[in-house]
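Remarks on the structure that follows.
Residue numbers count from 1 along this sequence. In listed order, ligands and their atoms are each counted from 1. All values derive from a computational prediction rather than experimental measurement.
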Amino acid sequence: MSSEPSKPVQIGLLGRGNVGAAFAELLTERGAAVEAATGRRPELAGVLTRSEGEFGEILERSELIVELMGGTEPTREYVLAALRAGRPVATANKQLLAQHGDELFAVAREAGAQLRFEAAVAAVIPIVRTIQESFGVAEVARVFGIVNGTTNFILSEMAARGAPYGEVLAEAQRLGYAEADPTEDVNGADAAAKMAILARLAFHNPVGLDQVSYEGIESIAPDDIAYAKELGLSLKLLGVAERREDGISVRVFPCFLYGGHPLAPIQGSFNAVTVQGPAVGEVTMSGPGAGGLQTASAVLGDVVSILAGEAPVHEPRERLPIVREAVSSFYLHLEVADRPGVLATVADVLGRNGVSVRSVVQRGLGADARLVMVMHAGPEESFYAALAEIAPLDFVRAAPRAIRVIEEEFV
Ligand SMILES: NC(=O)c1ccc[n+]([C@@H]2O[C@H](COP(=O)([O-])OP(=O)(O)OC[C@H]3O[C@@H](n4cnc5c(N)ncnc54)[C@H](OP(=O)(O)O)[C@@H]3O)[C@@H](O)[C@H]2O)c1
C-alpha cells in the first residue's frame, strides 16, 4: 500500500454490533495514534448492517475492509470479493476462517491481499501474531488452552458455589458473558473453530473445523466438580492441538487439571493459551478472551499491521494427516448398589481392558454407593471399551460419567 502521510485511509466496516460499534468508536479515539504509527489517518468509508449501506459501494470507496458481521454467508462472499479486489481484510470471525480457511487463504495469496484475524482467537490476547510471526519458523509441538470465556466462567462459578449448570448459565446470560443462544459456546464448537485456526498456523497445515473432535460442558454435574476438588482437580474446557508421530491431533474436551498445571488458576471469563516447542520452551499468555472493546482493540491492531506493510501469508507447508486416536487419563463417576464384590467387578473389567486405576473415593448413599475413580493414562479406546462393559452391569444405578484428566506435568 502507498503511504502518503496526508491522505486518510478509507476503511469499509461490515457490521456495527457489539464489536463493530466499539471498533468505530476506537477508530475515532485512537485515530491520531494510528496516524503516528503508520502515517495514515483512518476514516470510515461506509458501514454495512442489515438496514444500512450497500456492499459494492462500500468496497469501491474503501482501501481496507474490516469484517465484524459474523456468520459464514454472505460474509464469505463479501470477504472473498474484497480480497479479489486487492483490499486487505481484518476479521474477528472464527467460524468463517475455520470453515472456509483453505479458500480464503488461497484467494488472499493469489490476490496478494493481507488477511488478518488476530481477534478471531482469544480476542485481545496476541496469540495469532505470536504463532504466525514470532514462532513462524519455530517447531511447535503443541498449542493448548482455554479459548472460550463463557464456559470457563460457568465452570469457575459451578466450582466456587456448587451451583448446577443451568443456573450458572442463566446467570452468565444475565451478566452478558453468554449469548442469548449459547449453543456454540457450551457444546465446544466455538473453541473447536479457534483450535482449528491455531492448529493451521502452528503446524502450517490445512485444518478445518470438520477435522476437530469436540465435546462441550452441558452434561457436567456439580458433584463431579465437588468430588474432583477432593482429589485436587479443577475442571476446564480445554482445546489441544498437537503434533504426533503419525500426524496432528486437534481436540476440545472438558477435563480435570491437577493444581500445578499452568492453566489451573485461569478463572472466570479469562482465556489462556500455551505454546510448547523444543526451541520455544513453554509460553503462556492470558487475558480477556471476549468483549466488544477488547475484540475491537485487537482488530485495530490488525489495521495498524496492514497499514505498516507486509504480513506473513499463510501457505500450508505440510499435509499431515489428522489423528483421532488419543491417550488420556480419565475420571469415572459410578453410582452403584452398595454390596460386596462391586468394586472388585469394576476393577476386573478395567484391568481386562488394560486400564489401571490411580485413585478411588467411595461414599455410601443409602442402599447405593458412589465410586469416583481416576485412571492412569492409556488409550482412550481401551477406557471406552471398559465403560461400555460397566454401564449395563446390574449393580450400576445411573449412567456412568467420564471426564478426562490432565496430569500437571504434561497435556
Ligand atoms: N462479541 C465478542 O465479544 C466477540 C469476541 C471475539 C470475536 N467476535 C466476533 O466478532 C464478530 C461480530 O460479533 P458481534 O458480537 O459484534 O456481533 P453482533 O453484535 O451480532 O453484530 C453483527 C453486526 O453485523 C450486521 N450483520 C449481520 N448479518 C448481516 C448481513 N447479512 N448483512 C449486513 N449486516 C449484517 C448486524 O447488522 P444489524 O445491526 O442490522 O443487525 C450487526 O451490525 C463475529 O464474527 C464474532 O464471532 C465477537
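Remark: of the listed residues E60, R61, E43, E43 is the sole one forming a side chain to side chain donor-acceptor pair (under 3.5 Å) with Q10.
Protein non-hydrogen atoms do reach within 4.0 Å of atom 31 (N) of ligand 1. Distance screen at 4.0 Å: atom 47 (O) of ligand 1 has a protein heavy-atom neighbour inside the cut-off.
A salt bridge links E318 with R243: the closest approach of a Lys/Arg side-chain nitrogen to an acidic carboxylate oxygen falls below 4.0 angstrom. A salt bridge links R200 with D102: the closest approach of a Lys/Arg side-chain nitrogen to an acidic carboxylate oxygen falls below 4.0 angstrom.
With a 4.0 Å heavy-atom cut-off, ligand 1 is reached by no atom of Q294. With a 4.0 Å cut-off on non-hydrogen atoms, T295 touches ligand 1 through its side chain and not its backbone. Of all the heavy atoms of A92, the ones lying under 4.0 Å from any atom of ligand 1 are found in both the backbone and the side chain.
Take D185 and apply the salt bridge (Lys or Arg N to Asp or Glu O under 4.0 Å) test, not counting sequence neighbours, and it matches no residue.
At least one N/O-N/O distance between V19 and ligand 1 falls below 3.5 Å. Residue-to-ligand polar distances keep E179 apart from ligand 1: every N/O pair is separated by 3.5 Å or more. At a 3.5 angstrom cut-off on N or O pairs, G291 counts as close to ligand 1. Between Y78 and ligand 1, no pair of N/O atoms sits closer than 3.5 Å.
For the pair R404 and F330, the cation-pi test (distance below 6.0 Å, angle within 45°) is failed.
Ligand 1 is approached by P74 to a heavy-atom distance shorter than 4.0 Å.
Distances from atom 24 (O) of ligand 1 to the heavy atoms of E73, M69, K194 show the closest one on M69.
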